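Working notes, structure below.
Chain letters run A, B, ... following the sequence lines, proteins first, then strands; residues in each count from 1. Predicted model only: the values in this text are computed from it and were never measured. Atom set for the values below is all heavy atoms of this structure, side chains included, hydrogens, waters and symmetry mates excluded.
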There are 2 protein chains.
Amino acid sequence: MSGEAMARPGQQLKAVLRLRELLLSGEFGPGERVAEIPLAARLSVSRTPLRLALLTLAHEGLLEMLPGGGFVVRDFDPADIADAIELRGVLEGTAARMAAERLTDPADLAPLRAAVEAMEPLVRTPEPGLADFERYVAANEIFHARLLDLAGSPMLRRAMAQAMVLPFASPNSFVLTQADLPESREILLLAQAQHRAILEAIEAREGTRAEALAREHARLAKQNLKLALGDAALLASVPGAALIRRDPVDGGRKIAS
Amino acid sequence: MSGEAMARPGQQLKAVLRLRELLLSGEFGPGERVAEIPLAARLSVSRTPLRLALLTLAHEGLLEMLPGGGFVVRDFDPADIADAIELRGVLEGTAARMAAERLTDPADLAPLRAAVEAMEPLVRTPEPGLADFERYVAANEIFHARLLDLAGSPMLRRAMAQAMVLPFASPNSFVLTQADLPESREILLLAQAQHRAILEAIEAREGTRAEALAREHARLAKQNLKLALGDAALLASVPGAALIRRDPVDGGRKIAS
DNA sequence: TTGACGTCTATTGCATGCAATAACGAAATC
DNA sequence: GATTTCGTTATTGCATGCAATAGACGTCAA
């Protein structure tokens with residue numbers, strides 16, 4: 001992963017990566033307007049590639065274009081995060097279903113199975129350390145990537161990539177958060193059981209079951225989100241948490257746009 | 001709709017709109033490289049805003065960035081289109097389910113009901129003319145927009161917008177195609193029955209049913225796609241059909257020969 | 001004749017200068 | 001004293017010039 005779709009070693013890419021980093025680290029407050037000129041100086045790029053980078057991040061959803069011109073840092077309320085996770089679950093459910101429906105050769109499951117088996121010992125470690133969690137995260141990422149491969153749909157891959165730009169929507173967003181929780185092992189065991197079940201469902205060509213399982217799997221993240229929202233210390237360990245606005249949004253859930 | 005998210009009256013917007021039009025009309029062959037300088041002259045904009053427009057369309061999925069620089073027109077095979085429609089169905093299903101789950105005041109359903117009722121006489125017209133179809137298309141678009149409103153999820157709205165950039169994935173893509181088909185009235189009646197059922201399910205807070213119905217609703221488009229792919233004359237009436245590559249994929253990406 | 005290498009050209013990417021516009025502040029009038 | 005209007009300033013958006021790079025073509029050698 002982390003292979004930027006268009007790996008072009010240029011000022012533009014540099015600006016995107018660096019600015020994304022800054023945004024996720026909370027360097028700019030939510031809703032704050034980002035000015036081009038000081039930012040260009042800070043990132044050591046000219047305004048032209050910076051402008052391209054700003055547009056890219058706006059399309060990714062981290063920035064918002066103002067009608068009058070310029071960009072502001074987008075902020076997310078808890079409902080947005082929950083919906084982002086829900087959406088990821090829906091898309092991963094679709095991936096799982098497609099994988100089940102389109103599977104032709106059982107041997108194609110090997111990479112997915114390998115990822116599942118790589119996680120197995122890690123969830124059974126009695127006293128997992130940080131290194132264990134990190135290895136789990138790596139294997140987990142591979143699992144989700146292979147699942148997407150199995151779906152065999154470029155369009156779905158695209159939608160997925162779009163949905164996962166927000167770091168707290170990614171499959172691993174709350175894994176490291178759990179590390180400090182007492183119930184972490186329990187959660188990991190459950191997650192791993194779901195991994196196995198998804199693999200099993202795909203192997204049996206049970207598309208609907210695979211979809212339901214993948215959705216439920218994403219709900220684990222939603223559950224962890226609730227935990228993290230109640231504990232500021234936990235929230236700090238979530239990447240991009242700085243973009244989360246805790247205070248109740250004025251309009252709340254309003255229909256119109 | 002057609003409200004460009006950021007309505008900024010500038011050269012950039014002009015370039016985006018005009019270029020998108022050109023791409024969808026098939027002015028450039030699929031896989032063809034688009035050169036900046038002649039294009040800038042053709043669109044009467046400078047290279048700088050054009051560059052921004054190119055990036056925007058690349059993010060939308062109509063263009064692809066080359067590793068070495070520059071852009072090519074993206075092409076889609078039939079499987080891509082089918083998946084795009086499937087994906088739209090999945091997202092609309094999610095919208096319907098959320099609408100059902102989150103409905104608080106039944107009065108909020110009024111706009112959706114109005115759209116359904118606006119379509120009712122149109123599908124019962126014995127000999128529908130082009131004008132009838134166009135009014136149906138307008139009401140249909142409103143229906144889908146209101147459904148999305150009811151979901152009350154900015155994140156879903158975003159994902160939906162992204163998925164519907166491809167014109168053949170939009171709810172109305174094949175409606176006008178049907179106009180020439182003998183079974184068109186039958187299809188419209190079925191579609192309208194689904195509209196009513198979706199409304200009913202949301203009203204009854206039956207989320208799962210609403211989701212299943214919305215998915216099935218999208219499959220009508222998939223069915224029409226199959227019809228259109230078999231008939232070149234029909235395909236010509238589908239917006240953006242020029243981007244569809246009929247021949248089976250081979251891995252190679254060749255540039256206009 | 002074919003393949004490889006070198007040169008050349010066309011195209012992209014980047015920087016900077018300029019103009020227009022929107023926001024801010026100050027002053028004057030109601 | 002508050003509000004409105006005008007002026008100023010800073011920031012964005014756009015255009016153009018320049019440099020670097022990738023691709024094409026031609027030539028030379030095997």
Side-chain angles (χ1 to χ4, degrees), chain A residues 3-20 22-23 27-60 62-74, chain B residues 4-20 22-23 27-60 62-74 251-257:
Chain A
E4 200 71 15
M6 45 328 187
R8 190 170 356 185
Q11 300 297 93
Q12 182 183 343
L13 183 62
K14 172 178 162 189
V16 169
L17 296 176
R18 189 94 190 80
L19 179 53
R20 192 192 289 146
L22 284 179
L23 288 172
E27 188 71 15
F28 303 91
E32 180 178 340
R33 178 170 187 159
V34 290
E36 284 183 3
I37 302 182
L39 192 57
R42 182 164 184 180
L43 301 179
S44 306
V45 295
S46 182
R47 283 182 54 221
T48 303
L50 174 60
R51 167 87 49 119
L52 278 301
L54 287 167
L55 189 62
T56 295
L57 291 169
H59 283 132
E60 286 182 0
L62 289 176
L63 293 176
E64 209 168 346
M65 295 183 69
L66 293 177
F71 298 83
V72 294
V73 181
R74 172 125 182 243
Chain B
E4 202 69 16
M6 45 327 188
R8 188 167 359 183
Q11 299 298 92
Q12 182 183 343
L13 183 61
K14 173 177 162 188
V16 168
L17 295 176
R18 189 93 192 82
L19 179 53
R20 192 192 289 148
L22 284 179
L23 288 172
E27 189 71 18
F28 303 92
E32 181 179 339
R33 177 169 185 160
V34 290
E36 284 184 2
I37 302 182
L39 192 58
R42 184 165 183 179
L43 301 178
S44 307
V45 296
S46 181
R47 283 183 53 220
T48 303
L50 174 60
R51 167 86 47 118
L52 279 300
L54 286 167
L55 190 62
T56 295
L57 291 169
H59 283 132
E60 286 182 0
L62 289 177
L63 293 176
E64 209 168 346
M65 294 184 70
L66 294 177
F71 298 82
V72 294
V73 181
R74 170 124 184 244
R253 169 157 317 285
K254 47 181 165 294
I255 304 170
S257 51

Pick out the pairs of N or O atoms, protein on one side and nucleotides 4-9 of chain D on the other, that lie under 3.5 Å.
none

Applying side chain to side chain contact (heavy atoms under 4.5 Å, CB included), can you list everything that pairs with [X], at least two apart in sequence or on another chain?
{"X": "A:V72", "answer": "A:R33, A:E64, A:L66"}
{"X": "A:R47", "answer": "A:E36, A:I37, A:A40, A:R51"}
{"X": "B:E27", "answer": "B:L22, B:S25, B:R42"}

Nucleotide [N], atom [atom2] - distance to [atom1] of [X] in whole Å:
{"X": "B:R51", "N": "D:dT16", "atom1": "CZ", "atom2": "P", "result": "15 Å"}
{"X": "A:L52", "N": "C:dT12", "atom1": "CG", "atom2": "C1'", "result": "12 Å"}
{"X": "A:L66", "N": "C:dT21", "atom1": "CG", "atom2": "P", "result": "18 Å"}
{"X": "B:Q12", "N": "D:dA15", "atom1": "CD", "atom2": "P", "result": "11 Å"}
{"X": "B:L39", "N": "C:dT12", "atom1": "CG", "atom2": "C1'", "result": "14 Å"}
{"X": "B:L50", "N": "D:dC14", "atom1": "CG", "atom2": "P", "result": "12 Å"}

Can you tell me how far the CG atom of B:L17 sits from the CD atom of B:Q12, to the nearest 0.5 Å?
->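 Interatomic distance, B:L17 CG to B:Q12 CD, rounded to 0.5 Å: 10.5 Å.
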
Rounded to the nearest 0.5 Å, how far apart are CG of A:L13 and CG of A:L52?
->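 Taking CG in A:L13 and CG in A:L52, the distance rounds to 11.5 Å.
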
Whether B:E32 side chain and B:G29 backbone form a donor-acceptor pair below 3.5 Å |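 Side chain of B:E32 to backbone of B:G29, a donor-acceptor pair under 3.5 Å: yes, one is there.
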
Check: [Y] and [X] side chains under 4.5 Å, non-hydrogen atoms:
{"X": "A:R18", "Y": "A:S44", "result": "no"}
{"X": "A:E60", "Y": "B:H59", "result": "no"}
{"X": "A:F71", "Y": "A:L62", "result": "no"}
{"X": "B:L63", "Y": "B:F28", "result": "no"}
{"X": "B:L54", "Y": "B:L19", "result": "yes"}

Proximity to DNA chain D (any heavy atom under 4.0 Å), residues of residues 41-48 of chain A only |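 Those residues whose heavy atoms fall under 4.0 Å from DNA chain D, taken from residues 41-48 of chain A in numerical order, are A:R47.
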
Which of residues 29-38 of chain A sit near DNA chain D, with a heavy atom under 4.0 Å from it?
->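 A:R33, A:V34, A:A35, A:E36, A:I37, in order of number.
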
